[in-house]
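Every value quoted in this text rests on a predicted model; they were computed, and no experiment measured them.
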Amino acid sequence: MFVYFRSKGLVKDNLKGIAKLMYEDVSEEEWDQENLTKRNLDFTIESIQYIDLYTKKLMKTEKGTVLLNEALDNMVNRIGAYIGEVIKRTINQDFTWYEFNSVYHHSKSLACVAETTRPYTLLYSKKKDRAILPLNVVEQYLKGDSEYTSLQEYVEKMIRAYYNDKTVF
């Protein structure tokens, strides 16, 4: 009898396209049209200021809270993918988007992650066996349950932690 065993390897999940939705699929609201543009959201550290303004608007306006209640996963994916791409591009290392569960079963880097953590896509470095979880952080932030006062603070912390050349800031 022949039995085929399939190894459970890492499963890539490229979120670059989802990150672009932050400026490609914008609501008709005037503020969104003026600020969530390709020019402003250029994947630089400075562009996170627009993401912070947008998330504050979502969390503090009636329309925004309705949107968050109806489409939290969608907002987490878009915002988390965007800030993850900013981190990834700035640190310029071997971090790649992978499905959470494939990294969880492949690596010890997630051993300290709580079991209650939702299995969002994450950035993972096979070379260094390290993970960055921007979507999880965005979810906590949008729910008002974050250790960070802004997403800018989180992005800067991740870049400092993973960037070899400290001249970024």
- Enumerate the residue pairs fulfilling ring pair (Phe, Tyr, Trp, His ring centres under 6.0 Å) with a member in residues 16-55, sequence neighbours excluded, ordered by first and then second residue.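 Of all non-adjacent pairs touching residues 16-55, those that pass ring pair (Phe, Tyr, Trp, His ring centres under 6.0 Å) are F43-Y82.
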- Item | Listed partners of K108 passing side chain to side chain contact (heavy atoms under 4.5 Å, CB included), at least two apart |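 K108 satisfies side chain to side chain contact (heavy atoms under 4.5 Å, CB included) with D129 once adjacent residues are dropped.
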- With distance as the sole test, does Q93 use its side chain to make a donor-acceptor pair with the main-chain N or O of Y162 at under 3.5 Å?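 The answer is yes, because a donor-acceptor pair under 3.5 Å joins these two groups.
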Closest contact, heavy atoms only, [X] versus [Y]:
X	Y	value
S102	G9	CB-O, 3.6 Å
P134	G84	CG-CA, 3.8 Å
K126	L10	CD-CD1, 3.2 Å

Sequence neighbours excluded, which residues qualify as side chain to side chain donor-acceptor pair (under 3.5 Å) partners of [X]?
X	answer
E24	none
T55	none
E46	T44
R130	none

- Please report the C-alpha distance between Y120 and F100 in whole Å, then the side-chain angles of each, then the deciding distance to 0.1 Å, and finally whether the ring pair (Phe, Tyr, Trp, His ring centres under 6.0 Å) criterion is met. CA-CA 6 Å; Y120 285 119; F100 179 94; 8.9 Å; no
- Message: When you compare the side chain of L110 with that of L133, does any pair of heavy atoms fall below 4.5 Å?
- Response: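 Yes; the side chains approach each other to less than 4.5 Å.
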- Item | Partner residues of Y141 under the ring pair (Phe, Tyr, Trp, His ring centres under 6.0 Å) criterion, sequence neighbours left out |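 In terms of ring pair (Phe, Tyr, Trp, His ring centres under 6.0 Å), with neighbours along the sequence ignored, Y141 is linked to no residue.
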- Would you kindly confirm whether M59 and L135 end up in one hydrophobic cluster when ILVMFWY residues are joined by side chain heavy atoms under 4.5 Å apart?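 Yes.
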Measure the [atom1]-[atom2] distance between [X] and [Y] for me, rounded to the nearest 0.5 Å.
X	Y	atom1	atom2	answer
L36	R78	CG	CZ	10.0 Å
F95	M158	CZ	CE	9.5 Å
S146	E153	OG	CD	7.5 Å
N136	Q140	CG	CD	6.5 Å
L53	I48	CG	CD1	11.5 Å
E85	R89	CD	CZ	5.0 Å

- Message: Once salt bridge (Lys or Arg N to Asp or Glu O under 4.0 Å) is applied, what residue pairs with a partner in residues 31-45 remain, sequence neighbours excluded?
- Response: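 Sorted pair list: D32-K57.
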- Task: Identify the residue among I91, L122, V137 that makes a side-chain contact (heavy atoms from CB on, under 4.5 Å) with I132.
- Result: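 Looking at I91, L122, V137, the match for I132 under the side-chain contact (heavy atoms from CB on, under 4.5 Å) is I91.
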- Message: Checking D145 now: which residues fulfil salt bridge (Lys or Arg N to Asp or Glu O under 4.0 Å) with it, not counting sequence neighbours?
- Response: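 For D145 there are no salt bridge (Lys or Arg N to Asp or Glu O under 4.0 Å) partners, ignoring immediate neighbours.
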Taking only distance into account, with no hydrogens and no angle test, what donor-acceptor pairs under 3.5 Å do side-chain atoms of residues 63-72 form with protein atoms, sequence neighbours excluded?
{"residue": "T65", "atom": "OG1", "partner": "T61", "partner atom": "O", "Å": "3.2"}
{"residue": "T65", "atom": "OG1", "partner": "E62", "partner atom": "O", "Å": "3.0"}
{"residue": "N69", "atom": "ND2", "partner": "T65", "partner atom": "O", "Å": "3.2"}

- Task: Apply side-chain contact (heavy atoms from CB on, under 4.5 Å) to the pair I51 and Q152, showing each step before the final yes or no.
- Result: CA-CA 8 Å; I51 300 299; Q152 181 89 34; over 6 Å; no
- Query: Can you check side-chain contact (heavy atoms from CB on, under 4.5 Å) on E147 and K157, steps first, answer last?
  - Reply: CA-CA 12 Å; E147 65 183 88; K157 181 179 179 181; 3.9 Å; yes
- Query: How about K56: does its NZ atom have over 12 heavy atoms from other parts shown lying under 6.0 Å from it?
  - Reply: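 Count over threshold, so yes.
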- Task: Determine whether the side chains of Q33 and E29 contain a donor N or O and an acceptor N or O closer than 3.5 Å.
- Result: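 Side chains of Q33 and E29: no pair found under 3.5 Å.
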- Task: Give the C-alpha distance, both sets of side-chain angles, the deciding distance and a yes or no for side-chain contact (heavy atoms from CB on, under 4.5 Å) between S47 and V86.
- Result: CA-CA 9 Å; S47 70; V86 170; 4.2 Å; yes
Would you tabulate the side-chain donor-acceptor contacts of residues 13-22 under 3.5 Å, counting partners in other chains and residues two or more places apart, or write 'none'?
{"residue": "D13", "atom": "OD2", "partner": "T121", "partner atom": "OG1", "Å": "2.5"}
{"residue": "N14", "atom": "OD1", "partner": "K16", "partner atom": "N", "Å": "2.9"}

